[in-house]
Protein chains: 4
Amino acid sequence: MSSAERVRAAAVKLFATKGFHGTGIRDLAQEAELSSATLYHYMGTKEDLLVEIMTTSLLRLIDAVAKATAGSDDPVVRMRTLVALHVLAHAAQPGETRVVDNEVDALSAPARARVVALRDEYERYWAKAIEDGAAANVFHTAQPTVTRLALLEMCSGVARWYSPKGPLKLEDLATHYAELALRVLGHPVAVRAQDLRQCLEVVAQVWDLPVQEGF
Amino acid sequence: MSSAERVRAAAVKLFATKGFHGTGIRDLAQEAELSSATLYHYMGTKEDLLVEIMTTSLLRLIDAVAKATAGSDDPVVRMRTLVALHVLAHAAQPGETRVVDNEVDALSAPARARVVALRDEYERYWAKAIEDGAAANVFHTAQPTVTRLALLEMCSGVARWYSPKGPLKLEDLATHYAELALRVLGHPVAVRAQDLRQCLEVVAQVWDLPVQEGF
Amino acid sequence: MSSAERVRAAAVKLFATKGFHGTGIRDLAQEAELSSATLYHYMGTKEDLLVEIMTTSLLRLIDAVAKATAGSDDPVVRMRTLVALHVLAHAAQPGETRVVDNEVDALSAPARARVVALRDEYERYWAKAIEDGAAANVFHTAQPTVTRLALLEMCSGVARWYSPKGPLKLEDLATHYAELALRVLGHPVAVRAQDLRQCLEVVAQVWDLPVQEGF
Amino acid sequence: MSSAERVRAAAVKLFATKGFHGTGIRDLAQEAELSSATLYHYMGTKEDLLVEIMTTSLLRLIDAVAKATAGSDDPVVRMRTLVALHVLAHAAQPGETRVVDNEVDALSAPARARVVALRDEYERYWAKAIEDGAAANVFHTAQPTVTRLALLEMCSGVARWYSPKGPLKLEDLATHYAELALRVLGHPVAVRAQDLRQCLEVVAQVWDLPVQEGF
DNA sequence: TATGAATGAGCTTTCATTCAT
DNA sequence: AATGAATGAAAGCTCATTCAT
């Protein structure tokens, strides 16, 4: 792993576990096994580093979602895919995703605006799928917006507790959450692992992970 | 409001919005309209203040849950109550609850252990209700533990976005979430506002809020 | 013991053991079992308290020396008396004397000048006795000034280690030091406890101690 | 002089004159002509700096004494050497020695224990010489322990008043004190400057001073 | 590429002191 | 006589960042 990669990895790890404000430049340097002065060869300011992590993480998520839902009209299939992708990303990349979910308030106003815009762009996919499903009468929910927020929080929570060392395989996790989400939307159908095969492939490709069950 | 109360309120507000590490003693002093030296008449260290907030918040939640579920054997009723209480607490006290949910990592090891023990004690109520419902064949979930975590995250998320100024009344919010939760648990039944009346009363009592629809 | 006395005693104890700068107002308050605000009923500033302790301690020493050497022309007798008084004062009042000996640098310039003047006045008794003894050819020392300083340091050191709980009685201590001092001055004669009886009485009177061997 | 050396020199000077608690970080920075932040490149905590000064000072003293008394059986010679070394060290390095003698109480318990152990190791040389002299009937003292303490205090006092700018040369000072000490021990013999030549050399070597009469 | 040295600004916390009650 | 409340100033120490080498 190059020095630049070590810096980024250190930032992801520490921002995720100790928070942006709880992580010092010296902590980053120690984690990356560099001097604190050397860090500045690989980053701008500390905030730049945070922005970069958040931006690339969200862009990847948007990229993955765009790829995985392209050409699918069925809202149920799209929803299943969105949930699976979200959960897989949060389980496989808990560092990045926790940073995105928890450290938005640490950004300065202009950077926050850009990050929030990306997040909104991402959430549009969810909103659209729910709206379409409601219009098609396959989803039944009195409060589509609230339901969307509830689903997103439910799925994002995975990053807080999932461990690849535990008994639950990634694909089972994704399958389970996809089912829960469809239940929430009033469309309780079984989801099979093979329905999500494409999601796993997209995730592996976008996040550059080895293609295997548990990444 | 006394100085001591102003200090606590300032801490809740700022810890919730800017995070523990992102909040300086001077920020607290300014928010509480006191000098930073005077703060120390009303608190120990900054961490003591955090611990106090987390502890009382969790104790209240446990207290509320104990009161509201006492004497109820039906797992569906208990679950409905747990969800409603959780959502109401997070919507009515978003500051405290966000601090509890987000700042555990800011605690020193011994304090963290105590807080986590309280949180575990609270979650036992959820685990028990889900287990009982599954045993009684009214809940259907292949992964009870995962489902519990998913529900908790879903409900806690309310503290991140709910606003009493929005169109959604607290009781509608609670009703909606109770329904979503029962759907997640494979027991999709309608929930009526009157089913949750007792919850509203317990919340009003435990958090010392005025008894009215929107608190 | 009155509050005023408790304040003074607390200051003597803490200034002696932790130093003036190492002792906080809150330490004094705790030791005196008063609130820190109440302290200020019994003292001016912290420095005033220090000055008062040093001044009364030195004035008592001067008073004692004046009383005990009055009417004695013999330099050997005077020297014996000076040493005995000094050692007894330092052994019986180690707090006050340590403060006087160690905390002069903590004083502001004007206060220091006054205290140093008193100390000089006291040391004049030693200088005079040594000069007279040298003139009378009973003391033999090539460096009278150095010898005086050496003797003073030797005797003051008692306050750092003597304990009344140890095996050495005060009168034996004084006798021993008187002999050592006369040896230093080239006049090695035995000193008997009864030679110092008057010293013990003067010390008991000036410091208001119970008249007994060990005070 | 390097920055690191300036920091140490500043600490010695200020701790000696104003005391540890009376010296602020900003005072040290000003004296060392560095910013207060920069100080922390060259030290750990303020206490670490104090410990370092005390430890190296005592280790040097022990080193010097071991070197200078090696191979000497005669208690009189050893005593003469101990006194001369002690006095020379205190006169030539008044800063370090005053810090060692006066600031032990400023140390935390574990650091104090280590420093006191070193001091005890040093004082063993004195105790041994006095015991041996008494056993050989060349020293006559009824209270060997008290006498040792008296001598140490007498000699340490030099650091409080000796100035190389005064009329007294270092070697005369040492000679005079050696004679006083032998008088105290009941062995009043003349000491010649040439008896102490080796001591001067050892001091010059251990403290890295230019070899000349007045250093 | 890498870092030791450096720093102004800031951190949390304590300081000695005052004052209304 | 006694104190809780209050504070400006200062304490020891760390911050993110720069720069010469």
Out of H90(B), R119(B), R160(B), which one pairs with D101(B) under the side-chain hydrogen bond (donor to acceptor under 3.5 Å, both in side chains) rule?
-> H90(B)
Is atom NZ of K18(C) surrounded by more than 12 heavy atoms (other residues, nucleotides or ligands) closer than 6.0 Å?
-> yes
Provide, to the nearest angstrom, the distance between the OH atom belonging to Y40(C) and the P atom belonging to dC15(E).
-> 11 Å
Calculate the interatomic distance between E33(A) atom CD and dT3(E) atom C1'; express it in whole Å.
-> 16 Å
Between atom CE in M43(D) and atom P in dA5(E), what is the gap in whole Å?
-> 15 Å
When rounded to whole Å, the NE2 to C1' distance for the pair H41(C) and dT21(E) reads 11 Å
Rounded to whole Å, the CG-C1' distance (L39(C) to dA2(F)) equals 11 Å
To the nearest 0.5 Å, how far apart are OH in Y40(C) and CG in L34(C)?
-> 13.0 Å
Is the phosphate of dA2(F), meaning OP1 or OP2, less than 4.0 Å from a side-chain N or O of S35(C)?
-> no
Phosphate oxygens OP1/OP2 of dA2(F): is one of them under 4.0 Å from a side-chain N or O of Y42(C)?
-> yes
Nearest atoms (heavy-atom pairs only) where V99(A) meets A16(A) | CG2-N, 3.7 Å
Would you indicate, yes or no, if dT7(E) has its OP1 or OP2 atom less than 4.0 angstrom from a side-chain nitrogen or oxygen of T38(D)?
-> yes
Kindly indicate whether the side chain of R26(D) and the base of dA10(F) share any N or O donor-acceptor pair separated by less than 3.5 Å?
-> no
Which is true for S2(C) with a 4.0 Å heavy-atom rule: it touches a base, it touches only sugar-phosphate, or it touches nothing?
-> nothing
Specify the separation, in whole Å, of atom NZ of K18(D) and atom P of dA10(F).
-> 13 Å
Distance below 4.0 Å between S3(C) side-chain N/O and dA2(F) OP1 or OP2 | yes
Residues S108(D) and E47(D): side-chain donor-acceptor under 3.5 angstrom = yes
Watson-Crick or G-U stems involving DNA chain F, each at least 3 pairs long, distances under 3.5 Å, ordered by first number | E:2-21 with F:2-21
To the nearest angstrom, the CD-P distance between E47(C) and dA16(E) comes to 13 Å
Rounded to the nearest angstrom, tell me the gap between atom NZ in K46(D) and atom P in dT14(E).
-> 15 Å
What's the spacing between E33(A) CD and M1(A) CE if we round to 0.5 Å?
-> 9.0 Å
Note: D27(A) and G22(A) closest approach over all heavy atoms is OD2-O, 4.0 Å
Between A37(D) and T23(C), just flag the one whose closest nucleotide in DNA chain E comes earlier from the 5' side.
-> A37(D)
Starting from the 5' end of DNA chain E, give me the residue, L34(A) or I25(C), whose nearest nucleotide shows up first.
-> L34(A)
